[in-house]
Q: 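Here it is: the structure, laid out below.
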Amino acid sequence: MAEAFEALYPGIQLGIGPAIDNGFYYDIDFGDKTLTETELKAVEDKMLELARQDNAYNRREVSKPDALSFFGEKGDQYKLELINDLQDGTITFYEQGQFTDLCRGPHLPKTGFIKAVKLLSIAGAYWRGDEKRKQLTRVYGITFPKQKMLEEYLVLLEEAKKRDHRKVGKELELFTFSAKVGQGLPLWLPKGAMLRERLENFLKKVQREHGYLPVITPHIGHKDLYVTSGHYAKYGKDSFQPIRTPDESEEFLLKPMNCPHHCEIYKSKPRSYKDLPLRLAEFGTVYRYEQSGELHGLTRVRGFTQDDAHLFCRADQLKDEFKKVIDIVLYIFKTLDFPQFTAQISLRDPNNKEKYIGSDENWAKAEAAIIEAAAEKELETVVVEGEAAFYGPKLDFMVRDALGRSWQLGTIQVDYNLPERFELEYIGSDDKRHRPIMIHRAPFGSMERFVAVLIEHTAGKFPLWLTPDQVAILPISEKYQEYAEKVSQLLNNYDIRSLIDDRNEKIGKKIRDNELKRIPYMLVVGEKEAENGTVAVRKQGEGDKGVMTIEEFAHFLQNLVEKELNHSK
RNA sequence: GCCGGUGUAGCUCAGUUGGCCAGAGCAGCUGAUUUGUAAUCAGCUGGUCGGGGGUUCGAAUCCCUCCACCGGCUCCA
C-alpha cells in the first residue's frame, strides 16, 4: 500500500505501517493535502497493479548509518526518528521491485499472493501515539489471496454491524439518547429499564448470599471528599466542574466514584476485627466527563451505574476475599454464557510512577495479592503494565464487542491507599488500631456497558429469564381476543411476561413482526385452542412446536428459565 | 479534545450542472376485511431538509459556523 501511495502522491512521508488483527494500516503525512475516501479506489487499483508485477519481497540487513543516509536522502523524518531509536544491527529493510521500506518483517514471499484489496477507512492518528505531536493520516486496509474471501469478509462486517447494540437497542426500544438531555447521557426506556432491573436483582441475590450489605449514597459529594481521596488532584480539572451553593459558596462534585462515600460509611462507627470483612454494595450512579470523541453508545457514557461494592478486610482475609469475588464474576459470566473473555492483570507503569498515589511498598503488596489470587484460582491471565487505576492495581475482565473492540467489564481492585488517605481503622484482637485493606469490585462493571455487550453477543436474542417479552400471544382473529387475555393472565400467574398482538392483521403478519422483535415464544390461539384450553406454540427462529395446554406451556417455560439460571451451579 | 466522514418524516432511503408546492417504502391513524404459522387492501396524517449565518432573482443542493452522530487517535477513577 505504501508503494502505491508513493506512486500516486509523490512527496508524502511515511510513518509506521504494521499488520494488525484484521489487515493493516499505514500512518502517512500528506503535508497540506487531505485524503478523502473517494480517492481510495484509485489506490486499491494501483496496489493490485503493483501486486500483479509479482515482485519478491527481499529482506536486507542494514547498518544504522546506511539506514539513516537512505531515508535522509529520501527526506523522511519519521523513518529517521524510528531508526535513531533502534539498535544498530537490528535494522532490516524490505524491498519489493523499486520500493524499499524500513520493516521488521516478516512478509509474504511475493506480492503476487495479493489478489484482493480493500481500503476500509481513513482516520487521524498521532505520531507515536502522542497527543502533543503531529497527527498523521492513517489508512486502514485488508488484503486477501482471493477476491471471494474479501467479499466474504465484507459480508461478515455487515453482519456484525447488524448486532451493534446502538442499532438493536433502538429496534427493541431498550434505550435512547437525546441531544437535549446531553451527550453520553443514556435514557433507559421501559423495556430496557426492566431488563436492567432483572440483571440487578439477579446480582443482588448473589450478593446477599455472599454476605454483602446494601448501602445508598447521594449523587454528589463535597469537594473535600475528593481532595482526600486524591480524585480531585488527578481528575478535578478534566471533570464536570463543581456545583456551588449560592451563599456559603461550598463546592460539590458529581460523584465520579462511589468509594469515597463508602469509606465514610466505614468510618461512621468504630470497627472491630470481628466486623471484618465488611462488604458494602450499591448500584451507584456516577458521572465522568469523557471527551466528546470518546463517547460510544452505551459502552462509553458520561453517566452510568456501577454494580459497585467495597470490601474492607484484614490482611489475613485479603486473598480469600479476592478469590470469592473472582468466583462471583465467573458465575455471572457463566450464567450469561460469556465464553470468551480475557482476564487482565493491570499493573502500574513502572516508568511513570508519578501518575499513581501511594507507597512502593503498598503497590508491591497489592500487585502480589492479585497475581497470587488469580494464580490460585487457575485463571488464565495476561499482564499489562500501565493499566492500573491511579490508587491500585486491578484484575479486569475484558470482552469484545461485535466489531472486535475490547471493553472492560468486570473489575476487581486491591487498594491499600484509600484506607490510608481516609485513615480507616479497626481494633484488632490485640486491642490495637490497624488499617483495613479495601477491595473495589464491580462484576458487571457498569450496567450500561454490560447491557451493550450482552446485546451484541446475543444479537438482541436475550436469554429467556432476561428478555423483555417472553411470549407473544397471537389471536387468529378478534373473536379469540377474550381467550388470548385469559392465556395472558394465566401466564402472568406463573410470572411469565407476555403481550397480546391484537392488531387487525393476518396471522402471517403477526408472526413475522414478532419474529423480528425477537420474542422467544409465540402462541397462536384460534378456535381449536379456545375450545380445548390449549395454545399452538411457535419458537422464534425455529417455527411450529405443536400444541400444549396453557399449564403445560407455563411449566415448560418455567423449567427453561430455571435451567438458565442454574446451569452454572 | 484531535483527524476524516455523515446529517432529508418515528425507521430505511430517493432527490447533485442551484429552479414548479421535497418524494417512496415501512411505522402511525381511519375504514374495509375476521383471517391458521414470516408482509390483506384502500385512504389519510406526518418533514423549520440538524441549528444559525452568508452567496444568489432563487439553496436540501454552494460557502462559513455551531450541534449531534459514525470510523479512528488520544483518554478511560
Side-chain angles (χ1 to χ4, degrees), chain A residues 25 27 30 34-38 120-140 161 164 166-167 170-171 173 176-180 182-184 226 229-236 238-239 255-260 286-297 299-302 306 346 355-357 387-392 394 396 403 405 407-408 411 413 415 418 440 449 474-481 503-516 522-529 536-545:
Chain A
Y25 66 79
D27 288 347
F30 284 91
T34 45
L35 183 72
T36 62
E37 294 196 9
T38 48
L120 297 160
S121 64
I122 301 175
Y126 299 107
W127 172 237
R128 310 201 96 179
D130 187 340
E131 205 177 353
K132 295 184 186 66
R133 306 190 65 175
K134 183 161 184 182
Q135 198 161 41
L136 309 181
T137 304
R138 175 171 297 179
V139 182
Y140 285 90
K161 280 186 191 153
D164 191 314
R166 292 165 297 190
K167 184 177 161 64
K170 188 183 267 185
E171 284 166 6
E173 296 180 14
T176 187
F177 287 91
S178 149
K180 220 166 213 156
Q183 261 190 307
Y226 302 103
S229 71
H231 289 95
Y232 190 80
K234 176 95 178 155
Y235 294 104
D238 319 307
S239 192
K255 76 174 169 190
M257 287 287 281
N258 302 300
C259 30
V286 297
Y287 300 89
R288 297 177 183 176
Y289 181 80
E290 306 287 5
Q291 301 184 87
S292 58
E294 255 314 321
L295 299 172
H296 185 95
T299 48
R300 194 77 185 271
V301 287
R302 287 181 172 166
Q306 295 177 312
S346 303
K355 276 167 63 184
Y356 309 90
I357 59 170
E387 287 293 307
F390 75 94
Y391 50 77
K394 313 188 283 177
D396 292 327
L403 286 171
R405 291 174 288 225
W407 299 95
Q408 175 199 315
T411 179
Q413 312 172 4
D415 184 0
L418 289 188
H440 309 240
R449 184 176 288 177
L474 316 181
I476 294 285
S477 80
E478 66 189 34
K479 284 187 233 160
Y480 312 106
Q481 174 70 13
R503 293 175 306 162
N504 186 359
E505 294 288 352
K506 290 167 83 169
I507 197 69
K509 168 76 165 166
K510 292 187 185 184
I511 286 169
R512 179 183 157 79
D513 288 351
N514 287 289
E515 283 278 345
L516 293 175
M522 280 169 264
L523 302 180
V524 177
V525 295
E527 193 179 351
K528 285 176 277 180
E529 289 78 15
V537 180
R538 187 190 162 93
K539 183 155 193 249
Q540 205 266 351
E542 292 184 17
D544 201 345
K545 291 280 161 187

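Below, read A as the first sequence line, B as the second, and so on, with proteins coming before strands; counting in each chain starts at 1.
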Q: Touch check for His296(A), heavy atoms < 4.0 angstrom, all strands: base, sugar-phosphate only, or nothing?
A: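 Sugar-phosphate: the residue His296(A), judged by heavy atoms under 4.0 Å, touches backbone atoms but no base.
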Q: Rounding to an integer number of Å, can you tell me how far Lys234(A) NZ sits from C75(B) P?
A: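 The answer, rounded to whole Å, is 11 Å.
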Q: Rounding to a whole Å, what distance do you find between Arg133(A):CZ and C2(B):C1'?
A: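 From Arg133(A) CZ to C2(B) C1': 16 Å.
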Q: Can you tell me, in whole Å, how much space there is between the C1' of G10(B) and that of C75(B)?
A: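 Those two atoms are separated by 35 Å.
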Q: Tyr126(A) side chain: which of C2(B), A39(B), G36(B) is closest?
A: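 Output: C2(B).
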Q: Report, as yes or no, whether the 6.0 Å neighbourhood of atom CD on Glu171(A) holds more than 12 heavy atoms from other residues, nucleotides or ligands.
A: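 Enclosed.
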Q: Base, sugar-phosphate, or nothing: which does Lys510(A) touch, judged by heavy atoms less than 4.0 Å apart?
A: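 No contact.
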Q: What is the nucleic acid contact for Gly543(A), judged by heavy atoms within less than 4.0 Å: base, sugar-phosphate only, or nothing?
A: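 No contact at all - Gly543(A) keeps every heavy atom at 4.0 Å or more from the nucleic acid.
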Q: For G47(B) and A9(B), measure between their P atoms and round to the nearest Å.
A: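 Nearest-Å result for G47(B) against A9(B) at atom P: 11 Å.
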Q: Categorize Ser121(A) for me: base, sugar-phosphate, or nothing, with a 4.0 angstrom heavy-atom threshold over every strand shown.
A: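 Sugar-phosphate, backbone atoms only, no base.
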Q: In whole Å, what separates the C1' atom of U6(B) from that of A42(B)?
A: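 Roughly 38 Å separates the two C1' atoms.
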Q: Does Arg288(A) make a cation-pi contact with Tyr235(A) (under 6.0 Å, within 45 degrees of the axis)?
A: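 Not flagged: Arg288(A) not positioned over aromatic ring of Tyr235(A).
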Q: Whole-Å distance between G72(B) P and Arg300(A) CZ?
A: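 After rounding, the reported distance stands at 14 Å.
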Q: Using Watson-Crick or G-U wobble geometry with both distances below 3.5 Å, tell me the partner of U6(B), or none.
A: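 Its partner is A68(B).
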Q: Classify the nucleic acid contact of Glu527(A) as base, sugar-phosphate or nothing, counting any heavy atom under 4.0 Å across all strands shown.
A: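 The answer is base, as Glu527(A) lies within the cut-off (heavy atoms under 4.0 Å) of a base atom.
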Q: Name the pairing partner of A24(B), where a pair is Watson-Crick or G-U wobble with both distances under 3.5 Å, or state none.
A: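 Pairing partner, where one exists within any strand: U12(B).
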Q: Quick one: which of G1(B), A77(B), C11(B) gets closest to the side chain of Ser239(A)?
A: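 When the side chain of Ser239(A) is considered, A77(B) is the closest of G1(B), A77(B), C11(B).
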Q: Looking only at atom C1', what distance separates C70(B) and G50(B), rounded to whole Å?
A: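 C70(B) and G50(B) have their C1' atoms separated by 15 Å.
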Q: Glu387(A) CD to C76(B) C1': how many Å, rounded?
A: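 About 9 Å, once rounded to whole Å.
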Q: What's Gln306(A) touching, base or sugar-phosphate or nothing? Going by heavy atoms closer than 4.0 Å.
A: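 Since no nucleic acid heavy atom lies under 4.0 Å of Gln306(A), the category is nothing.
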Q: At under 4.0 Å, does any side-chain N or O of Lys161(A) touch on OP1 or OP2 of C70(B)?
A: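 So the side-chain polar atoms of Lys161(A) never come under 4.0 Å of the phosphate oxygens OP1 or OP2 of C70(B).
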Q: Quick one: label Gln135(A) by what it contacts on the DNA or RNA (base, sugar-phosphate, nothing), any heavy atom closer than 4.0 Å.
A: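 It contacts base atoms.
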Q: What contact category does Phe177(A) fall into here, base, sugar-phosphate, or nothing, at under 4.0 angstrom with non-hydrogen atoms?
A: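 The residue Phe177(A) makes no contact with any strand.
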Q: For Tyr140(A), report the nucleic acid contact type (base, sugar-phosphate, nothing); a contact means any heavy atom under 4.0 Å.
A: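 Touches sugar-phosphate only.
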Q: With rounding to whole Å, what would you report as the distance between U17(B) and C29(B) at their C1' atoms?
A: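 Each nucleotide's C1' atom is 42 Å from the other's.
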Q: Checking base pairs now: Watson-Crick or wobble, both atom distances under 3.5 Å. What partners A32(B)?
A: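 With both distances under 3.5 Å, A32(B) matches U40(B).
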Q: Is there a Watson-Crick or G-U wobble partner for A59(B) with both distances under 3.5 Å, and which nucleotide is it?
A: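 Pairing partner: none.
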Q: For Leu403(A) and C70(B), give me the distance from atom CG to atom P, rounded to whole Å.
A: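 Rounding to the nearest Å, CG of Leu403(A) and P of C70(B) are 12 Å apart.
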Q: Tell me what Ile507(A) touches on the nucleic acid: a base, only sugar-phosphate, or nothing, going by heavy atoms under 4.0 Å.
A: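 Sugar-phosphate contact only.
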Q: Under 4.0 Å, heavy atoms only, any strand: does Gly526(A) hit a base, just the sugar-phosphate, or nothing?
A: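 Here Gly526(A) touches the bases of the nucleic acid.
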Q: Decide yes or no, distance alone: a donor-acceptor N/O pair under 3.5 angstrom between the base of C2(B) and the side-chain of Glu131(A).
A: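 It does not, because no donor-acceptor pair links the side chain of Glu131(A) to the base of C2(B) below 3.5 Å.
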Q: Could one point to a donor on the side chain of Gln183(A) or the base of A68(B) with an acceptor on the other under 3.5 Å away?
A: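 No, the side chain and the base share no sub-3.5 Å donor-acceptor pair.
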Q: Which pair of heavy atoms, one from Lys510(A) and one from Pro475(A), lies closest together, and at what distance?
A: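 Of all heavy-atom pairs spanning Lys510(A) and Pro475(A), the closest is NZ-O, 3.0 Å.
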Q: Less than 3.5 Å between a donor and an acceptor, one on the side chain of Glu173(A) and one on the base of G10(B), is that the case here?
A: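 A donor-acceptor contact between them is absent.
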Q: Distance check needed: G31(B) C1' versus Glu505(A) CD, whole Å only.
A: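 From Glu505(A) CD to G31(B) C1': 13 Å.
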Q: In plain terms, say whether Glu173(A) and Lys170(A) are close enough for a salt bridge, that is, a side-chain N and a carboxylate O under 4.0 Å apart.
A: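 Looking at Glu173(A) and Lys170(A), the cut-off is not met.
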Q: Pairing check on C49(B): which nucleotide meets the Watson-Crick or G-U wobble criteria with it, both distances under 3.5 Å?
A: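 Paired with C49(B), as far as the under-3.5 Å criterion goes, is no nucleotide at all.
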Q: On the nucleotide A77(B), are OP1 or OP2 found under 4.0 Å from the side-chain N or O atoms that Tyr235(A) carries?
A: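 Checking Tyr235(A) against A77(B): at least one side-chain N or O falls below 4.0 Å of OP1 or OP2.
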Q: For Ala125(A), report the nucleic acid contact type (base, sugar-phosphate, nothing); a contact means any heavy atom under 4.0 Å.
A: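 Answer is sugar-phosphate: Ala125(A) comes under 4.0 Å of backbone atoms only.
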Q: Specify the residue among Thr36(A) and Arg302(A) whose closest nucleotide of RNA chain B lies further upstream toward the 5′ end.
A: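 Per heavy-atom nearest nucleotide, the more 5' residue is Arg302(A).
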Q: By nearest atom, which of the nucleotides G36(B), A38(B), A77(B) is closest to the Tyr391(A) side chain?
A: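 The listed nucleotide nearest to Tyr391(A)'s side chain is A77(B).
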Q: Distance only, no hydrogens: is a donor on one side chain within 3.5 Å (strictly under) of an acceptor on the other, for Gln413(A) and Tyr391(A)?
A: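 A pair is found: one side chain offers a donor N or O, the other an acceptor, under 3.5 Å apart.
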Q: Under a 3.5 Å limit for both distances, which nucleotide forms a Watson-Crick or G-U wobble pair with C73(B), could you say?
A: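 By the stated definition (distances under 3.5 Å), G1(B) pairs with C73(B).
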Q: Write down the distance separating the P atoms in C26(B) and G71(B), rounded off to the nearest Å.
A: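 To the nearest whole Å, 30 Å.
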Q: How many Å lie between NZ on Lys506(A) and P on A32(B), as a whole number?
A: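 It is 18 Å, rounded to the nearest whole Å.
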Q: Say you pick atom C1' in U45(B) and the same atom in A27(B); how far apart are they, in whole Å?
A: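 That atom pair is separated by 12 Å.
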Q: Cation-pi between Arg133(A) and Tyr126(A): NZ/CZ under 6.0 Å from ring centre and within 45° of the ring axis?
A: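 Checked: cation-pi criterion not met.
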Q: Hey, does the side chain of Arg449(A) reach the backbone of Thr299(A) with a donor-acceptor pair shorter than 3.5 angstrom?
A: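 Looks like yes, one N/O pair under 3.5 Å.
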Q: Which whole-number value in Å describes the distance from Phe30(A) CZ to C3(B) P?
A: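 The answer, rounded to whole Å, is 16 Å.
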Q: Touch check for Arg138(A), heavy atoms < 4.0 angstrom, all strands: base, sugar-phosphate only, or nothing?
A: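 If one applies the 4.0 Å heavy-atom cut-off, Arg138(A) turns out to touch the sugar-phosphate alone, with no base involved.
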Q: Using the P atom in both, what is the distance from U30(B) to U48(B), to the nearest Å?
A: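 That atom pair is separated by 24 Å.
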Q: Identify the heavy atoms of Ala389(A) and Tyr356(A) that sit nearest to each other, and give their distance.
A: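 Shortest heavy-atom separation between Ala389(A) and Tyr356(A) comes out as O-CD2, 3.5 Å.
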Q: Choose from G36(B), A77(B), A68(B) the nucleotide whose nearest atom is closest to any side-chain atom of Ile476(A).
A: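 Nearest to the side chain of Ile476(A) among the choices is G36(B).
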Q: Where each residue is assigned the nucleotide of RNA chain B containing its nearest heavy atom, which of Gln413(A) and Thr34(A) is assigned the position nearer the 5′ end?
A: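 Nearer the 5' end of the strand: Thr34(A).
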Q: Does Tyr289(A) get its side chain close enough to the base of G1(B), under 3.5 Å, for a donor-acceptor pair?
A: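 Such a pair does not exist between side chain and base.
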